[in-house]
Amino acid sequence: MNAPDPASACKEPDGVARLPDEFADVSVSEMVRHWAGTRGDEPAYIDPEGATTWSEYDRAADRVYAALVPADGSAAPPAAALYLPDTAEFHVALVGAYRAGVRVAALGSRSGPTEVAHVMSTAGARVLVTASQVRGTEVDDLLSDLAERDVPVEKVVLVEGTEVTSNGSPVSAVSVDTERAFSVDEISMLNSTSGTTGRPKLVTQTQRRWVAFAALACRNGELSTVETVAAFVPAPFGFGLWTSHFLPALLGRPALVMERFTASMAIAMMRDHHATVLACVSTQFRMMLHSEQPQLAELTTLRVMFTGGEAVPYSEAKRFEEVTGARSLQFYGSNETGAASATSLHDDDETRLATGGFLLPEMHVRVFDGGREVAGPGLRRGQPAVRGPLMSKGYWNNDAANAELYTDDGWILLGDVVEVDESDRLRVVGRLADLIIRGGKNISAVEVEDHIREHPSVTMVAAVGVPDPIFGERLCVVVSVRAGAENMTLRDLTDWLRSRGATREYLPERLVIVDALPTAPGGKIAKGEVRKLVEDESAEQEGR
């Protein structure tokens with residue numbers, strides 16, 4: 001490998017400062033090959049069923065390469081869809097595709113056949129890399145569904161543990177032609193937006209940007225080469241990529257993964273394998289806070305939690321820190337932009353827990369209000385736009401979406417409303433799609449959710465607008481509650497909010513209690529499905 005030993009990547013002795021420059025040109029494929037040769041018998045991935053070593057990871061990736069590259073030396077298919085659980089198989093398949101020079105369109109394991117069909121068609125993929133069963137769906141049933149949707153599948157590659165088959169035949173590892181491999185600057189992967197509000201788009205990904213992102217995490221979390229990373233975020237999306245795919249490869253350290261997240265199993269795995277770093281969306285760490293057995297207090301080795309993906313509730317993040325002793329860190333950004341701001345271990349509580357951190361110097365940020373740039377000094381509020389080395393190259397094969405994504409001068413727009421204060425700390429105050437407009441007044445769904453999330457009986461909440469002939473929209477909140485609180489009324493909730501001094505506009509006018517809120521493949525609450533749930537209930541009530 002034409003670079004320093006990755007073991008020097010973080011804090012050995014000052015690798016944190018060197019990492020972006022010295023490892024930017026090194027691919028994950030090369031890193032995996034390196035660790036297979038230097039610590040091959042050590043675990044790369046650990047799941048509830050066992051471990052996959054670095055040498056097993058490397059050999060299995062070569063089998064995927066062999067399944068994708070024709071034996072006669074002719075051109076490999078340009079693209080393949082990757083539809084696998086968030087376990088070692090996903091990472092094996094991705095590295096094998098890197099080596100084969102086959103662009104991957106990666107799908108979350110919770111994606112349904114409609115999304116699989118959409119992604120394969122958009123990516124031009126006629127090869128499907130999957131498992132015999134993904135979250136209860138048999139591969140034969142999926143293929144039948146795709147055929148009914150006129151999505152051709154010319155080859156099916158199954159990855160089961162470290163074994164690989166192609167159209168039903170076992171595949172053995174072959175000598176890899178390194179000339180086929182993607183460079184770190186080529187578009188080697190497409191992943192979908194998480195689909196919380198509509199049909200997902202495919203974001204273009206290079207390896208360089210995510211190595212740089214992992215390097216940033218090394219600096220802010222002061223990570224070293226003794227970490228064990230609990231990576232419980234869905235693997236194909238931005239947060240999952242740098243935490244479960246790129247960061248473990250840089251450090252040469254094991255990652256804890258699981259096919260289906262459960263709070264009790266996550267805590268048990270972290271306890272038993274002495275996890276030092278946790279990566280999870282805020283919904284997941286809140287679920288762990290509510291776990292009775294095992295308890296979070298048993299995680300005596302945990303040092304850092306990277307979280308985000310959606311609003312991070314201050315009080316619960318603070319409680320997580322108090323229970324575990326770990327520091328809660330987050331980034332603000334998106335799959336499209338990478339990070340625009342970040343918190344670090346040395347930030348004060350207010351910065352770490354109540355903001356998205358300080359703007360990153362290398363990622364330039366502008367703020368727009370209705371097309372007009374809001375200039376400093378002083379507080380700036382509006383829609384952020386970002387440009388810098390962590391950003392993607394836009395959406396694949398979607399000129400219309402790219403026209404909305406970029407400003408005329410090439411900055412990527414995010415879909416949030418943020419405030420940037422005098423110290424360059426960024427705070428998310430809402431999403432453009434989550435503004436509820438009641439009688440001409442803009443109400444931030446994020447701020448409403450922040451208030452209601454503090455209610456002792458509420459476990460999860462989503463605020464949405466419901467159509468109203470007079471006011472345009474009215475504020476509706478959909479919540480899941482703790483056992484025994486199922487009879488909570490709207491009056492109960494609004495009285496509690498008033499007692500806490502909530503602004504009148506944050507008082508919901510409708511309450512819907514559900515067993516669980518729907519989530520998108522990326523783990524966030526699926527606002528589109530929440531709105532449909534409310535609409536369906538309204539139609540049912542009107543029909544009575």
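Along the sequence shown, the residues carry numbers beginning at 1. Computed from heavy atoms alone, side chains included, the values below leave out hydrogens, waters and symmetry copies.
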Applying side-chain hydrogen bond (donor to acceptor under 3.5 Å, both in side chains), run through Ser291 and Ser264 and close with a yes or a no. CA-CA 6 Å; Ser291 174; Ser264 58; 5.8 Å; no
Name the orientation class of the two ring planes belonging to Phe306 and Phe331 (parallel below 30°, tilted from 30 to 60°, perpendicular beyond 60°). parallel
Shortest non-hydrogen pair, Gly240 vs Val233, comes out as N-CG1, 3.8 Å
Donor-acceptor check, side chain of Thr337 to backbone of Gly333, threshold 3.5 angstrom: yes or no? no
Starting from the C-alpha separation in whole Å, work towards a yes-or-no answer on salt bridge (Lys or Arg N to Asp or Glu O under 4.0 Å) for Arg352 and Asp347. CA-CA 6 Å; Arg352 281 187 301 99; Asp347 290 334; over 6 Å; no
Within residues 266-276 or reaching into it, pairs that qualify as side chain to side chain donor-acceptor pair (under 3.5 Å) - sequence neighbours excluded: Glu227-Thr276, Arg271-Glu298
Is the Phe368-Trp411 ring centre distance short of 6.0 angstrom? no
Residues in salt bridge (charged side-chain N to carboxylate O under 4.0 Å, His left out) contact with Glu362, at least two apart in sequence or another chain: Arg219
Any donor-acceptor pair under 3.5 Å from Gln330 side chain to Thr355 backbone: yes
Do the side chain of Asp421 and the main chain of Ser423 share a donor and acceptor less than 3.5 angstrom apart? yes
Can you confirm whether Leu250 sits close enough to Met31 that some side-chain heavy atom of one is under 4.5 Å from a side-chain heavy atom of the other? yes
Applying side-chain contact (heavy atoms from CB on, under 4.5 Å) to Leu413 and Thr407, what does each step give before you reach the verdict? CA-CA 7 Å; Leu413 289 161; Thr407 64; 3.8 Å; yes
Hey, what do you get for OH (Tyr332) to CE (Met363), rounding to the nearest 0.5 Å? 11.0 Å
Atom of Ala462, atom of Glu449 and distance for their closest heavy-atom approach: CA-OE2, 3.4 Å
Heavy-atom pair with the smallest gap, counting every atom of Tyr83 and Ser111: OH-O, 2.8 Å
Between Ser282 and Thr307, do the side chains contain a donor N or O and an acceptor N or O under 3.5 Å apart? no
Could you walk me through whether His34 and Trp54 pass the side-chain contact (heavy atoms from CB on, under 4.5 Å) check? CA-CA 9 Å; His34 173 84; Trp54 287 102; over 6 Å; no
What I want to check is whether the side chains of His455 and Arg500 have a donor and an acceptor closer together than 3.5 Å. no
Using the side chain to side chain donor-acceptor pair (under 3.5 Å) rule, collect all pairs that involve residues 394-406, keeping only residues at least two apart or in two chains. Glu336-Tyr395
Verdict with reasoning, Leu223 to Leu247, per side-chain contact (heavy atoms from CB on, under 4.5 Å): CA-CA 10 Å; Leu223 306 187; Leu247 185 60; 3.8 Å; yes
Decide yes or no for Ser192 and Leu202: does some side-chain heavy atom of the first lie under 4.5 Å from some side-chain heavy atom of the second? yes
To the nearest 0.5 Å, tell me how far Tyr98 OH sits from Met189 CE. 6.5 Å
Heavy atoms, side chains only, cut-off 4.5 Å: are Cys280 and Met287 in contact? no
If you look at every heavy atom in Ala88 and Val257, which pair is closest and at what distance? N-CG2, 4.3 Å
Are the side chains of Arg425 and Ser341 in contact, using a 4.5 Å heavy-atom criterion? no
Under 3.5 Å donor-acceptor, Thr204 side chain and Ser392 backbone: no
His451 vs Leu497, test: side-chain contact (heavy atoms from CB on, under 4.5 Å). Steps then yes/no. CA-CA 8 Å; His451 282 282; Leu497 288 167; 4.0 Å; yes
CG of Leu379 to CZ of Arg427, rounded to nearest 0.5 Å, is 8.5 Å
Quick one, Val448 and Val477 - any side-chain contact, counting heavy atoms below 4.5 Å? yes
Are Asp349 and Lys318 within salt-bridge range, i.e. N to O under 4.0 Å? yes
Can you find a pair of side-chain heavy atoms, one from Arg482 and one from Thr459, that are under 4.5 Å apart? yes
Please enumerate all residues that pass side-chain hydrogen bond (donor to acceptor under 3.5 Å, both in side chains) together with Gln205, with sequence neighbours excluded. Asn191, Arg209, Trp210, Asn335
Side-chain contact, heavy-atom cut-off 4.5 Å: Met288 with Met270? yes
Students often mix this up, so state it plainly: with edges at 30° and 60°, are the rings of Trp242 and Phe213 parallel, tilted or perpendicular? parallel
Would you say the side chain of Arg103 lies within less than 4.5 Å of the side chain of Phe182, judging by non-hydrogen atoms? yes
Testing the 3.5 Å rule here: is there a donor-acceptor pair between the side chains of Glu454 and Ser315? yes
Provide the full list of side chain to side chain donor-acceptor pair (under 3.5 Å) pairs with a residue in residues 366-387, sequence neighbours left out, each pair given once. Arg366-Glu373, Arg366-Asp409, Arg381-Glu419
Inspect the contact between Arg110 and Glu529 and indicate whether a charged nitrogen and a carboxylate oxygen are less than 4.0 angstrom apart. no
What closest approach, in Å, do Val129 and Ala80 show between heavy atoms, and which atom pair accounts for it? CG2-CB, 4.2 Å
To the nearest 0.5 Å, what is the distance between OG1 on Thr324 and CG on Leu278? 8.5 Å
What pairs of residues pass the side chain to side chain donor-acceptor pair (under 3.5 Å) test when at least one of them lies in residues 84-95, not counting sequence neighbours? Tyr45-His91, Thr87-Glu89, His91-His245
Any donor-acceptor pair under 3.5 Å from Arg303 side chain to Gly221 backbone: yes
With rounding to the nearest 0.5 angstrom, report the OG1 to CG distance, Thr228 to Leu302. 11.0 Å
Which atoms form the tightest heavy-atom contact between Ala106 and Pro236, and what is the distance? CB-CB, 3.8 Å
Spacing of Arg319 atom CZ and Leu289 atom CG [to the nearest 0.5 Å]: 4.5 Å
Taking the side chain from Thr301 and the backbone from Ala275, do they hold a donor-acceptor pair closer than 3.5 Å? yes
With Met460 as partner, the option from Ile452, Val478, Ile525, Val479 fulfilling side-chain contact (heavy atoms from CB on, under 4.5 Å) is Ile525
